[in-house]
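Residue numbers begin at 1 in each chain, while the letters A, B, ... track the order of the sequences. Every heavy atom of this structure was used, including side-chain atoms; hydrogens, water molecules and symmetry mates were not.
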Amino acid sequence: MDKMPAWADAVLVPLISILLAALISALVILAIGHNPVEAFSIMVKESLTSSRGIGNTLYYTTNFIFTGLAVAVAFHARMFNIGGEGQVLLGGLGVALVCLYVPWPHWTLALVGATVAAGVFGAAWALIPAYLQAKRGSHIVITTIMFNFIAAAVLNYVLVNMLRPRGAMEPASGPFPEPTHLPTFQEMFSTADTVLFRSAPVNVSFFLAVLACFAVWLLIWRTRLGYQIRAFGHSESAARYAGISPVRITVIAMLISGGLAGMMALNATMGEAERLVLNASEGAGFIGIAVALMGRSHPFGIFMAALLFGFLYQGGLELAFWTGIPQQLITVIQALVILFTGALDNMVRMPLEKLFLALRKGKA
Amino acid sequence: MDLATLIPVLESTIRLSTPLLLACLAGLFSERAGIFDIGLEGKMLIAAFFSAAVAYSSGNVWIGLLAGIAASLTLSAIHGLASITFRGNQLISGVALNFLASGLTVLISQNWFRQGGKTPTLTDGARLSEWHLPFADSLRDVPVLGPIYSDLLSGHAPLVYLAFALVPATWWVLFRTRFGLRLRAVGEAPEAVDTAGVSVVGLRFAAVAICGILCGIAGAYMATGLQPFFGKEMTAGRGYIALAALIFSKWRPWYALGACLLFGFLQAVALRFQNIDLGAFTVPVQVMDALPYILTVVILAGFVGKAIPPRAGGEPYVKER
Amino acid sequence: MTDTPAIELKGISKSFGPVQANKDISIRVMPGTIHGIIGENGAGKSTLMSILYGFYKADSGEIFINGRQTQIPDSQAAIAAGIGMVFQHFKLVQNFTVLENVILGAEDGGLLKPSLAKARGVLQHLAKEYELNVDPDAMIEDLSVGHQQRVEILKALYREAEILILDEPTGVLTPAEADHLFRILEGLKREGKTIILITHKLREIMEITDTVSVMRRGEMTATVKTAETSPEELAELMVGRKVLLRVDKTPAKPGKSVLEVENLRHTDSAGVERLKGISLKVQAGEILGIAGVSGNGQSELLQVLGGMKTATGTVRVNGEEIDLTGRYSDGQSRRARGISHVPEDRQHEGLIMPYTAWENVAFGYHHDPKYQKNAILMDNAAIKRDAEGKIERFDVRPPNANLAARNFSGGNQQKIVLAREIERNPDILLVGQPTRGVDIGAIEFIHQQIVALRDQGKAILLVSVELDEILSLSDRVAVMFDGQIMGERLPSETNQTELGLLMAGVTQMPDKDKPLIHVVDEQLDAQKEREAKRHGHS
Amino acid sequence: DPALIYDLGGKFDKSFNEAAYNGAERWAEETGGSYRDIEIQAEAQREQALRRFAEAGLNPVVTTGFSYASQIAAVAPDYPDTKFVTIDGYVDPAAHPNVLSILFAEHQGSYLVGMMAAMASESDTVGFVGGMDIPLIRKFACGYAQGVLAVNPDATVIANMTGTTPAAWNDPVKGAELAKAQISQGADVIYAAAGGTGLGVLQTAADEGILSIGVDSNQNYLHPGSVLTSMLKRVDVAVYDAMTAGADLQTGVIALGLDSNGVGYALDDNNADLVSEEMKAAVDAAREQIIAGEVTVHDYSEDDSCPALDF
Ligand SMILES: Nc1ncnc2c1ncn2[C@@H]1O[C@H](COP(=O)(O)OP(=O)(O)OP(=O)(O)O)[C@@H](O)[C@H]1O
Ligand SMILES: Nc1ncnc2c1ncn2[C@@H]1O[C@H](COP(=O)(O)OP(=O)(O)OP(=O)(O)O)[C@@H](O)[C@H]1O
Ligand SMILES: [Mg+2]
Ligand SMILES: [Mg+2]
């Protein structure tokens, strides 16, 4: 028997938490001399009410879904993968190599090839930390932090000394050839007379992200591997009793996690920039931690959290555009949202539980 | 490597290690009491800003230090509220506080100083001066020991000596005092502490507060000692490295010293020896840059083995489900 | 004796969310008596005592200590009121020494040194007075559960408790240790201390208590003088129906040898040899009981046979040798060989506590083709159906397959594990501590199931620290000590005393007037010394 | 109205972006006009910001940083009536008639400050601290090293990079350590081209009593008497000019070098005592020679190589 109905826990608690975060954010906006009502309405208007705004929001959402899922899969096996940043960078490298050096006839094939490459490269970058954790007990938190730095160095070297077109100023690869360009929502959904999602970077990889959500859900809750991953995550000794190999699960879970992180690069590299740039991950690896935690490691929750963060990113740019409020305000709002929905949720839940218990007793 | 090259490297090691060490000891107190803290970075950052800002405004570095500590303590209080009082997720709380510090410091700094997140440069009394140990000048010419004493050990900011003194102090507090006994117990078995008639909540808040104070000192040292100003994001990921050092040291004070010195040393070496020319080819700067991190992984995998955190770490203490 | 009760609880109620653990409970305990409390799993015994000790806060009700109304908002207040409690799940810091655990919360002054010195002295004194020997510098995690319990009692005595609550103290003790505990309790009673004893064992209630209270479903159903009642009556009060207190079984009809173990050796990760050449044989249709003080290798024996640990030596199942170190030395392979395993530690091994009951029913058998929908997906509906059948047949309460395992009481958790393992119809059933912490109603049921499986001609290896259980279930008994088999007996030809001595590694009877516990202690000390020496060399 | 989009480092980086900001502010002050500006926080926002401003009718849209080149190339055709300016980026003028690319000859300016460094150095060892190992920074370093060697062929140039993550541009503590490392290796003049990290280099130089050289903006004022000079990259002028020209802006490609005073070295009250007459004379002479084509400073980005320094 639960203390309160499931819908209240799933909807009411996050909702009130977000309202609290918004309230404090409003105070911060007031404190720096702006009008919070105006600020929020700009954010909502420019990111959720036009197809273009939605398109921009969904672009960021796509990134966060991938990195959020990556963190979540590792979490289910009780591992804290802080290495999303590095895995994204390597995934980007995989995408770039495949797009630059394979003569793809059509984007569909290129997408398949690049997805595989992104996954493989991201997974490979997670493999060493996973192996060391499984075999040597080296704490995955340290090794993945270290691998983020190492990945940055690798990418820096590769871009500056190898992939950069001769004489180019930018530490970036050359542009990917035409056939690898992914269709954007604008190309997909616009008709002759109405242009939808004008110039928004959102592209087919969004659907890939949604697919990944579903796949992860299936994996974790419907497959034998997921059953074993969760079992191992809950209790290593019990896993051993059941004949689930800790080494195998640790490595597989981290490979999947790294692969998912790597796939984020599809969106940013193949979908948006159409070349590999130095900072392809843009901190999404870290946002992914917050997204996974807020989404309670459930793909649906991750989708919603990614949407929220996408909204904050897009709304933040628009806010800066229309009011000149610095971008750091958005960072503060993000922090407050994470804090209230993810860490202070019991502050809302506890009184609600009492309320529902009292209501139930009143009825009984 | 001869002494003349070694000493500057080691000096640099000391400077680079100090913020790591303070943050690492901060984390040690918190995590030994069962509260995981990946918000070390944010606390250092916010302390760096407030210490520099207040030191600048007041012209007194010590008032700045107090302000930095107060700012860091505020974040600690939020972390405590979330993870102790409301039994929230400690990792999320830490992540959130890192974001909060990163945003707030620049926002406030811009609001106050209008220098794009930087504070004005501190001068004179607003800046942490260096301490010269007694006889440092007269002993310099003694072979070997002279330079070690006068150049390597002397001439650091007082907070550096404090940081290193805190290692034995931490050890002593943890293993020789009542408070330490209870603190370690609450991180291992809070129910044992509870049934022994000691407040779990009180102990954990105390630990989190100590963590805040030490992070505050770490941040203040960066923005008033190592550098006489605050620049945005100036902690540059050191909180995460400190966290790594903490796990590396298996939550033990002397090992923490070793781990932080190691990280500092590897960085100092990497900074000093870039573009090593091996004749046939030059080792690219990126390799040297990544070297501290690669070596950390190697050492971790080769020698350190499994690090077992305090048993009750990361879990809120819940009596009634 | 006065008329004022040492403890009086009036109208105590407590609910955990929607669960009402205590309902309007009142009880009086006279000073200088031993008061027993019995009740099924989940009846609310631990909750009531935890309220008295200030661990939980009651929703309503009053507490009187020595006639004075006392507020007990936390354990500090309880300690101040002279109450000490030994919890069902010990509240010790595993990697602290005995001394550190004893002084925790009762230190004198800010520095540890004087506190430790003082405690060392007091402990020496207490040890002499109550025969409570433990090495004050030993780490808790290195101590046997029996010794850990002594530490808990020492903690209470160190705080000068006048009222001592013990929650299922004998669940983990050997008979000798339990006897010893009772002598200590009687000594304490003679000194005028008041003792509350929670237990599932009616024999203990009859043996030592002055009065006994019975709890059922959160309510206090009766309080009677022990002298005026009988085990049968108590059992009925507890469960609400008549209970068979003895196992009903026919003589075994052993068939061919199913499990053969030869010279089995296992060394743990710390380098200590835990199994030192075990050889044994179990035939179809018989129960081989392994008795022993916990920590003498029985756990490792089960774990090796169950595929959780590697070992050297030979194990044959139905005449075929099985892999003990390589690719196929895991739980999956053992199950494929027809070995089922009810592990000793259901909470950390046998079940995934956050998993639902139905998910746990597939645990370990998640490869079973009948649980798969296709090559990729599991057939959750099939598992659920299977689980519902098992829940019904094994009378798991509440009969809700969607409830997480952690929300079942210990006895019902055990039934889930048993249902899963027994209904596999294995050739061999490994079963460890099948009734630890389980109430008598459930014990009866579990014993019946094990015997029924035997009667189907299966081989059963039973490990238990309960001599009662070993003696009543087994067809043959082997005693383990220090990683070796000390001897084998037929239940009909041995008794608790002989087995108790074998369990302590004593193969010949000691002097008449030397208390058994001393012999046991000496033996244990000698063993520890040997181990320390070995560690020193390595 | 014109618009200005900063690079990821942000408006107040104390060097490059801030120079652009200063130019825009000066324009606004002098003309009383108003402009819009924005700091982005993610790669994808580059294009978004460009479009936003173009659609809002702002003209010209000025961007700072080489990273905008490819985005402008993608966006410009959609807004033929808007003029785009990329500072440091290069967009093909034939394909994009509404884009102005402004390139700076940083190697020339760096060459001059390199000469000054060599002349001011007593130890014949000078240092260079770069933010990250990227081509632009190599261009700075390479020009600098050539200048040093031109004055003193036996001089040693110690060139270090701060790191490989974005934090490399914001780590004054590491900058300070790099400076100290170079000092211990004998350097007594250090040129910092490392954003916020450079502030730590300048600070340390001041504390340790050696000379430093600032970059992009005039940073002489930060530590008067310690900053030998600053390599000026007149981004402010470029922005000012672009905004002044407004919608009538001439597009194409402009290379701003010594000849057009697009780069140079800073001389003001703060460093007057540090720059001797001979030094000034030598540097000015070199400047004339470079303008006249008598001396060529090798541009790293031309062929990805540097005759004076290994990377
Ligand atoms: N901390 C808790 N939070 C929520 N529910 C609890 C808690 N402790 C006990 N309960 C519930 O309260 C009821 C009474 O539990 P209690 O532990 O007091 O029983 P018990 O009589 O001691 O049983 P056992 O013989 O198994 O020890 C059970 O339904 C149990 O699930
Ligand atoms: N040593 C063994 N002897 C007999 N059967 C075995 C042995 N090991 C595994 N099996 C059985 O073979 C089947 C396949 O086992 P395997 O471990 O290859 O599973 P799998 O296909 O890899 O599944 P998963 O990846 O989900 O673990 C299972 O039904 C398992 O019980
Ligand atoms: Mg398999
Ligand atoms: Mg109980």
Using a 4.5 angstrom heavy-atom cutoff, name the option from B/G103, B/P309, B/G42, B/A290 with the most pairs to chain A. B/G103
With sequence neighbours excluded, tell me which residues meet salt bridge (charged side-chain N to carboxylate O under 4.0 Å, His left out) with B/R238. D/D171
Close contacts, residues 125-135 of chain A versus chain B, judged by heavy atoms under 4.5 Å: A/L132
Please list all pairs meeting salt bridge (charged side-chain N to carboxylate O under 4.0 Å, His left out) that have one or both residues in residues 145-164 of chain A, counting only residues at least two apart or in different chains. A/R164-D/D304
B/T105 (side chain) donor-acceptor with B/S102 (main chain) under 3.5 angstrom: yes
Write out, in numerical order, the residues from residues 19-30 of chain A with a heavy atom short of 4.5 Å from a heavy atom in chain B. A/V28
Decide ring pair (Phe, Tyr, Trp, His ring centres under 6.0 Å) for B/F113 and B/F230; before the verdict, give the C-alpha distance in whole Å, the side-chain angles of both, and the deciding distance to 0.1 Å. CA-CA 11 Å; B/F113 302 110; B/F230 169 84; 9.6 Å; no
Leading residue by heavy atom contact count with chain A [cutoff under 4.5 Å; candidates B/D289, B/I294, B/L243]: B/I294
Region of A/F147 that comes under 4.5 Å of a non-hydrogen atom in chain B: side chain
Let me know if A/I32 has heavy atoms under 4.5 Å from chain B in its side chain, its backbone, both or neither. both
A/Q87 side chain to A/N81 side chain, donor-acceptor N/O pair below 3.5 angstrom: yes
Quick check on B/I78 against chain A: is it the side chain, the backbone, both or neither that has a heavy atom closer than 4.5 Å? side chain
Would you indicate whether the side-chain heavy atoms of A/H34 and A/L319 approach each other to under 4.5 Å? no
